Amino acid sequence: MVKVATTPLDRTRVARTALKLLNETGLDGLSLRAIAKELDVKAPALYWHFKDKQALLDEMATEMLRRMNEELLAGAEPDADWRTALIAAMRGLRRHLLMYRDGAKVYSGTHFTDLSYAAPMEAHLRTLTGGGFTPGGAARAWLTAYSYTIGYVIEEQSMGPDPAKAQGGYDLEARAERLAAYPLAAAAGHEMFRDYDAGFEKGLAAVVAGIGATMRET
């Protein structure tokens, strides 16, 4: 009998399978049992690699970061204008998070399992310090833009159409009816819940302008 070779079960393989399933189930529907079924193993086999779902999410976020690292590093040229580099990095981060259903929720609040984050972070902090920021100011500037991007995508993915079904999203007509007595709040829905690309760019421009005005040495 010929023995068929199988791919060893390891943390990276489990994380990649989980990211694949994420687009089908969303974060709430993702379970170790479902991942085990996809891998054709028993669920207890996964506990050799992950003690719980949070540990798996940490590895998933790290795998997402590994996949975006090349783009993040490419946008951090030592002699580049800090504004250009920061905007490019946040655009790249958002683009990668949107590749996964609930990608920003998976990525947010996790602990990376290796040093994949170190090289791009070091490169961007060097660009910022080269642009006139103190080391502390550079760290705060990066965190501010990073937090804006993560938060924006969480809201975008929560309120926008379901990427798996290409339908849904906030019912602005129903919202306007509920807020009929509050015309400004009602009208704000079109700015807040439509054209997420344009909204992100406007917010990012404001964040970067604020960073330059308040966190950079003059």
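The structure presented is a predicted model; accordingly, all values stated were derived computationally and were not measured.
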Q: Apply the test side-chain contact (heavy atoms from CB on, under 4.5 Å) to residues Trp82 and Thr129: give CA-CA distance (whole Å), side-chain angles for both, the deciding distance (0.1 Å), then the verdict.
A: CA-CA 9 Å; Trp82 69 267; Thr129 55; over 6 Å; no

Q: Hey, could you give me the OH/CD1 distance between Tyr107 and Ile154, rounded to the nearest 0.5 Å?
A: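 Tyr107 atom OH to Ile154 atom CD1 measures 12.0 Å (nearest 0.5 Å).
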
Q: How close do Leu21 and Ala34 get, counting heavy atoms only, and between which atoms?
A: CD1-O, 3.7 Å

Q: Would Leu57 end up clustered with Trp48 when hydrophobic side chains under 4.5 Å apart are linked, directly or stepwise?
A: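 No.
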
Q: Would you kindly confirm whether Ile150 and Phe200 end up in one hydrophobic cluster when ILVMFWY residues are joined by side chain heavy atoms under 4.5 Å apart?
A: yes

Q: So which pairs with a foot in residues 110-122 pass salt bridge (charged side-chain N to carboxylate O under 4.0 Å, His left out), sequence neighbours left out?
A: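 Residue pairs passing salt bridge (charged side-chain N to carboxylate O under 4.0 Å, His left out), neighbours aside: Arg66-Asp114, Glu122-Arg126.
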
Q: Taking side chain as C-beta onward, heavy atoms only, is Leu125 less than 4.5 Å from Phe133?
A: no

Q: So, taking the atom named CG in Leu128 and the one named CE in Met215, what distance separates them when rounded to the nearest 0.5 Å?
A: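 Separation between the atoms: 10.5 Å.
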
Q: Do Leu19 and Glu63 have side-chain heavy atoms sitting under 4.5 Å apart?
A: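 They are in contact (side-chain heavy atoms under 4.5 Å apart), so the answer is yes.
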
Q: Any side-chain to backbone donor/acceptor pair from Thr127 onto Ala123? Under 3.5 Å, distance only.
A: yes

Q: Report yes or no: do Leu32 and Leu9 belong to one cluster of Ile/Leu/Val/Met/Phe/Trp/Tyr joined by side chain heavy-atom distances under 4.5 Å?
A: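 Yes, same cluster.
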
Q: Using a strict threshold of under 4.0 Å (side-chain N to carboxylate O), is an ion pair present between Arg91 and Glu201?
A: yes

Q: To the nearest 0.5 Å, how far apart are CG in Leu65 and CE in Met68?
A: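 Taking CG in Leu65 and CE in Met68, the distance rounds to 6.0 Å.
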
Q: Apply the test side-chain contact (heavy atoms from CB on, under 4.5 Å) to residues Leu93 and Val153: give CA-CA distance (whole Å), side-chain angles for both, the deciding distance (0.1 Å), then the verdict.
A: CA-CA 10 Å; Leu93 175 59; Val153 180; over 6 Å; no

Q: List the atom of Ala15, the atom of Leu56, and the distance in Å for their closest heavy-atom pair.
A: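 Ala15 and Leu56 have their closest heavy atoms at CA-CD1, 4.4 Å.
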
Q: Can you tell me if Asp102 uses its side chain to pair, donor with acceptor, with the backbone of Leu27 under 3.5 Å?
A: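 Present.
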
Q: Does Ala104 offer a backbone N or O that forms a donor-acceptor pair with the side chain of Ser108 under 3.5 Å?
A: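 The answer is no, because no donor-acceptor pair under 3.5 Å joins these two groups.
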
Q: Looking at Tyr152, does the NZ or CZ of Arg94 lie under 6.0 angstrom from its six-membered ring centre and within 45 degrees of the ring axis?
A: no

Q: Charged N to carboxylate O under 4.0 angstrom, Glu191 versus Lys202?
A: yes

Q: Please find the pair of heavy atoms, one from Gln157 and one from Gly103, that lie closest to each other, and give the distance.
A: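 Looking at all heavy atoms of both residues, the shortest contact is OE1-N, 3.1 Å.
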
Q: With clusters built from Ile, Leu, Val, Met, Phe, Trp and Tyr whose side-chain heavy atoms come within less than 4.5 Å, directly or transitively, what are the remaining members of the cluster of Leu184, listed by chain and number?
A: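 Leu184 shares its hydrophobic cluster with no other residue.
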
Q: Hydrophobic clusters here meaning ILVMFWY residues chained together by side-chain heavy-atom distances under 4.5 Å, can you tell me if Val41 and Leu30 are in one?
A: yes

Q: Can you list the steps and then say if Ile87 with Val208 is a side-chain contact (heavy atoms from CB on, under 4.5 Å)?
A: CA-CA 8 Å; Ile87 287 171; Val208 172; 3.8 Å; yes

Q: Do we see a donor-acceptor contact under 3.5 Å between the side chains of Glu59 and Thr113?
A: yes

Q: Answer with yes or no whether the hydrophobic clustering places Phe193 together with Leu179; edges join I, L, V, M, F, W, Y residues whose side-chain heavy atoms lie under 4.5 Å apart.
A: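 No, Phe193 does not connect to Leu179 through the hydrophobic network.
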
Q: Any side-chain hydrogen bond (donor to acceptor under 3.5 Å, both in side chains) pairs touching residues 137-150, not counting sequence neighbours?
A: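 Checked against side-chain hydrogen bond (donor to acceptor under 3.5 Å, both in side chains) - neighbours excluded - no pair reaches residues 137-150.
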
Q: Measure across Ala176 and Ala186 and return the closest heavy-atom pair with its distance rounded to 0.1 Å.
A: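 Of all heavy-atom pairs spanning Ala176 and Ala186, the closest is CA-CB, 4.2 Å.
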
Q: Considering all heavy atoms of both residues, which atom of Arg175 and which atom of Ala188 are nearest to each other, and what is their separation?
A: NH1-C, 4.4 Å

Q: Applying side chain to side chain donor-acceptor pair (under 3.5 Å), can you list everything that pairs with His49, at least two apart in sequence or on another chain?
A: none

Q: Would you compute the distance between atom CG of Asp58 and atom NZ of Lys53 and round it to the nearest 0.5 angstrom?
A: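 The distance works out to 12.5 Å.
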
Q: In the structure I gave you, are the side-chain heavy atoms of Met99 and Asn23 within less than 4.5 Å of one another anywhere?
A: no

Q: By ring pair (Phe, Tyr, Trp, His ring centres under 6.0 Å), which residues pair with Tyr182, not counting sequence neighbours?
A: none

Q: Just verifying a value: how many Å separate Leu97 CG and Glu156 CD, rounded to the nearest 0.5 Å?
A: 9.5 Å

Q: Are Glu24 and Arg101 close enough for a salt bridge, meaning some N to O gap below 4.0 Å?
A: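 Looking at Glu24 and Arg101, the cut-off is not met.
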
Q: Run the side-chain contact (heavy atoms from CB on, under 4.5 Å) check on Met192 and Met159 step by step: do they pass?
A: CA-CA 10 Å; Met192 296 166 64; Met159 305 305 297; over 6 Å; no

Q: Do Leu172 and His190 make a side-chain contact, defined as non-hydrogen atoms from C-beta onward lying under 4.5 Å apart?
A: yes

Q: With rounding to the nearest 0.5 Å, note down the distance linking NZ in Lys37 to OG in Ser31.
A: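 Reported value, rounded in 0.5 Å steps: 10.0 Å.
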
Q: What is the minimum heavy-atom distance between Gly109 and Gln54, and which atoms define it?
A: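 Closest pair (atom of Gly109, atom of Gln54, distance): O-NE2, 4.5 Å.
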
Q: By side chain to side chain contact (heavy atoms under 4.5 Å, CB included), which residues pair with Ala180, not counting sequence neighbours?
A: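 Here no residue qualifies.
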
Q: Return yes when atom CG of Asp10 has more than 12 non-hydrogen atoms of other residues, nucleotides or ligands closer than 6.0 Å, and no otherwise.
A: yes

Q: Is the shortest heavy-atom distance from the side chain of Tyr100 to the side chain of Met60 under 4.5 Å?
A: no

Q: For residues Arg16 and Arg67, determine if any side-chain heavy atom of one lies less than 4.5 Å from a side-chain heavy atom of the other.
A: yes

